[in-house]
Amino acid sequence: MNTSVVWFKRDLRLHDHQPLSLACAQGPVLCLYIIEPSLWQQPDSATQHYQFILESLVPLQREVERMGGVFAIEVGATIDVLTRLHQRLAFTRLYSHQETGNAHTFARDRAVASWCRQQHVQWTELPQFGVVRALRDRNQWQAAWEAFVAQPITPAPRHITPPAAWGAHSSAPQALPTATALGLMQADKPHRQRGGRPLGEAVLRSFLHQRAQHYRGGISSPLTAPNACSRLSPYLAYGCLSLREVVQATRSAMLSPNVGGTRLKQGLNAFMSRLYWHCHFIQKLESQPDIEWRNLHRGYDDLREPDWNAEHFEALKAGRTGWPMVDAAVAMLRDTGWINFRMRAMLVSVAAYPLWLHWRPVGLWLAQEFLDYEPGIHWSQHQMQAGTTGINTTRVYNPIKQAQDHDPKGIFVRRWLPHMRRVPDTWLFEPWRMPPELQRHCGLTVGSGPEHDIPLPVVDLTEATRSAKATLHARRAEPGVKAGKKAIVEKHASRQHGSGAQRDVFTRDSDTPKT
């Protein structure tokens, strides 16, 4: 019986894993995960991503072995690894999920397809999300998504037959490379979520049966969002949970007589719309891969590029913009790898408008900072927030107003910026306005240098924002730019799904990993 190889990528589970199920029905199976050094050298990779994956591989490998199978973790370039395994096992079938990743994984998968043709290996790729490969237009996309999530859940196999040749030539497992050995120099996030399907299942249960009651009205403020948001995004991004099982579990909970309380059911209903939009945004990258590095609407080329300001970017990354809500959000992100969507949107808005930074470098920085980095959602949202899609309204978040609305007592700001605990409430969100004598009384200094406790705002917020919006709107009004909008609407704009209110609240307050 010919061996099949199941290649695990961002689908680190056995439950609802159709490629594995199909392979097991064919005979012996080798389960494979490849640690690709070249992938971890990409500018959107970070230590926390690698550590989360390693944590997810531990229970996965244990489960495969419990079922009698073999889970091999190989290190090297994908083609080299497949070549070595093919020489050893002479496998004829390769199974995997489709991946909508970055440019590197796109090129890698094209190389794998070519290798399979040369070696006469049949590669079967199956969709993991409600994303349609080779989609011609958006008119039937919603129906395709509904059909995908309605498919029966594929149970985990009871037994996995290992390749006979593997046992005969097995060797001691190699030590896995450290993050440093792969060239990942960032520190891990001390308080990030940990990886693995068991933890993902626990987070899902707590949300469906308890925390969802706080979802509506609780996901905007950084004070309530850590508990009110589902916190499922990293487990979806790395496939510890499948989108289909989360959708079906949510719908089942909404209909269950054992799930009490109107607020809980309302929260689950609001969450359902986010699961739909999760795939809507990934579809954009699937349909047009170059939005990872190029403006979706080419009429916005050279809008920000000539004015790049490295000092502004460094101040943003260091959490030294001078706007306390922004700097506190950066501090939380540095510690946990997560902030809620409103804070993400605020960060990107501040970068795109008053700081007038191009979305690509900002997006690479945040890709490393977000544990739940999902390329399709990430780059689509960055362009939408930066106003370069040509089809979305301008979204500008005032960081002072955001603080007043969502942290009126300064609890969030003071938690993440300890020096702000000495600032009186009156001056909390505009500390640069404190009189010098009050600064001395509080034992603080406000200034532009690193020696000061509180930085001055890097730009005048009102003036810089006004200038940025005027420049963007002037470009938007150009005849050529206006003319290019129609094709983008046809290819990428959403069709009807629920109410307009649902669509709007998603773009503002979703807890799936936007930006």
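What's counted below: heavy atoms across the whole structure, side chains too, no hydrogens, waters or symmetry copies. A quick note: this is a predicted structure, and the numbers were derived from the prediction, not measured.
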For residues [X] and [Y], determine if any side-chain heavy atom of one lies less than 4.5 Å from a side-chain heavy atom of the other.
X	Y	result
Trp379	Lys284	no
Ile282	Ile377	yes
Thr105	Arg10	no
Tyr50	Ser45	no
Val330	Thr321	no
Pro222	Ile339	no
Leu39	Asn102	yes
Thr462	Asp460	yes

Lys/Arg cation over aromatic Trp359: Arg304, 6.0 Å, 45° cone: no
Ion pair [X]/[Y], N-O distance below 4.0 Å:
X	Y	value
Asp405	Arg342	no
Asp109	Lys9	yes
Arg414	Asp425	yes
Glu463	Arg466	yes

For Thr389 and Gln383, does a side-chain donor sit closer than 3.5 Å to a side-chain acceptor? no
Using a 3.5 Å distance criterion without hydrogens, assess whether the side chain of [X] forms a donor-acceptor pair with backbone atoms of [Y].
X	Y	answer
Arg13	Gly239	yes
Arg433	Trp427	no
Arg197	Leu12	no
Thr47	Gln186	yes
Ser206	Val203	yes
Asp16	Ile153	no
Thr250	Val246	yes
Arg211	Cys229	yes
Gln213	Gly267	no
Arg205	Gln210	no

Can you tell me how far apart [atom1] ([X]) and [atom2] ([Y]) are? Round to the nearest 0.5 Å.
X	Y	atom1	atom2	result
Arg231	Leu204	CZ	CG	14.5 Å
Leu14	Thr154	CG	OG1	12.0 Å
Glu63	Ile160	CD	CD1	9.0 Å
Leu366	Leu316	CG	CG	7.0 Å
Asp11	Glu99	CG	CD	8.5 Å
Trp277	Ser380	CH2	OG	12.5 Å

For Asp335, the option from His191, Lys189, Arg192 that meets side-chain contact (heavy atoms from CB on, under 4.5 Å): His191
In terms of the angle between their ring planes, are Tyr300 and His297 parallel, tilted or perpendicular, with boundaries placed at 30° and 60°? perpendicular
So Leu303 and Asn295, side chain to side chain contact (heavy atoms under 4.5 Å, CB included) or not? Walk me through it. CA-CA 10 Å; Leu303 177 68; Asn295 289 328; 5.9 Å; no
Would you name the heavy atoms of [X] and [Y] that are closest together and state the gap between them?
X	Y	value
Met254	Met272	SD-CG, 3.8 Å
Asp407	Phe412	OD1-N, 2.9 Å
Gln368	Gln48	O-NE2, 2.8 Å
Met67	His159	O-ND1, 3.0 Å
His97	Glu125	O-OE2, 4.3 Å
Val6	His17	CG1-CE1, 3.9 Å

Looking only at the aromatic ring of each residue, does the gap between the centers of Trp141 and Tyr276 stay below 6.0 angstrom? yes
Close aromatic pair by centroid cut-off 6.0 Å: Tyr373 and Tyr238: no
Would you please test His473 and Thr394 for side-chain hydrogen bond (donor to acceptor under 3.5 Å, both in side chains) and show each step? CA-CA 9 Å; His473 292 159; Thr394 306; 3.1 Å; yes
Side chain to side chain contact (heavy atoms under 4.5 Å, CB included), that's the test. Do Leu54 and Val58 meet it? Break it down for me. CA-CA 7 Å; Leu54 293 183; Val58 170; 6.0 Å; no
Applying the ring pair (Phe, Tyr, Trp, His ring centres under 6.0 Å) test to His278, which of Phe271, Phe129, Trp145, Phe341 qualifies? Phe129
Using a cut-off of 6.0 Å, state whether more than 12 heavy atoms not belonging to Gln140 lie near its atom CD. no
So for atom NZ, which belongs to Lys317, do other residues, nucleotides or ligands contribute more than 12 heavy atoms lying within a distance under 6.0 Å? yes
Verdict with reasoning, Tyr215 to Arg263, per side chain to side chain contact (heavy atoms under 4.5 Å, CB included): CA-CA 8 Å; Tyr215 193 79; Arg263 289 188 62 194; over 6 Å; no
Applying the side-chain hydrogen bond (donor to acceptor under 3.5 Å, both in side chains) criterion to Arg138, which one of His280, Glu490, Gln283 satisfies it? His280
If you apply the rule side chain to side chain contact (heavy atoms under 4.5 Å, CB included), what do you find for Arg294 with Gln288, and how did you get there? CA-CA 10 Å; Arg294 182 178 291 157; Gln288 189 170 338; over 6 Å; no
With Phe71 via ring pair (Phe, Tyr, Trp, His ring centres under 6.0 Å) - residues at least two apart: Phe8
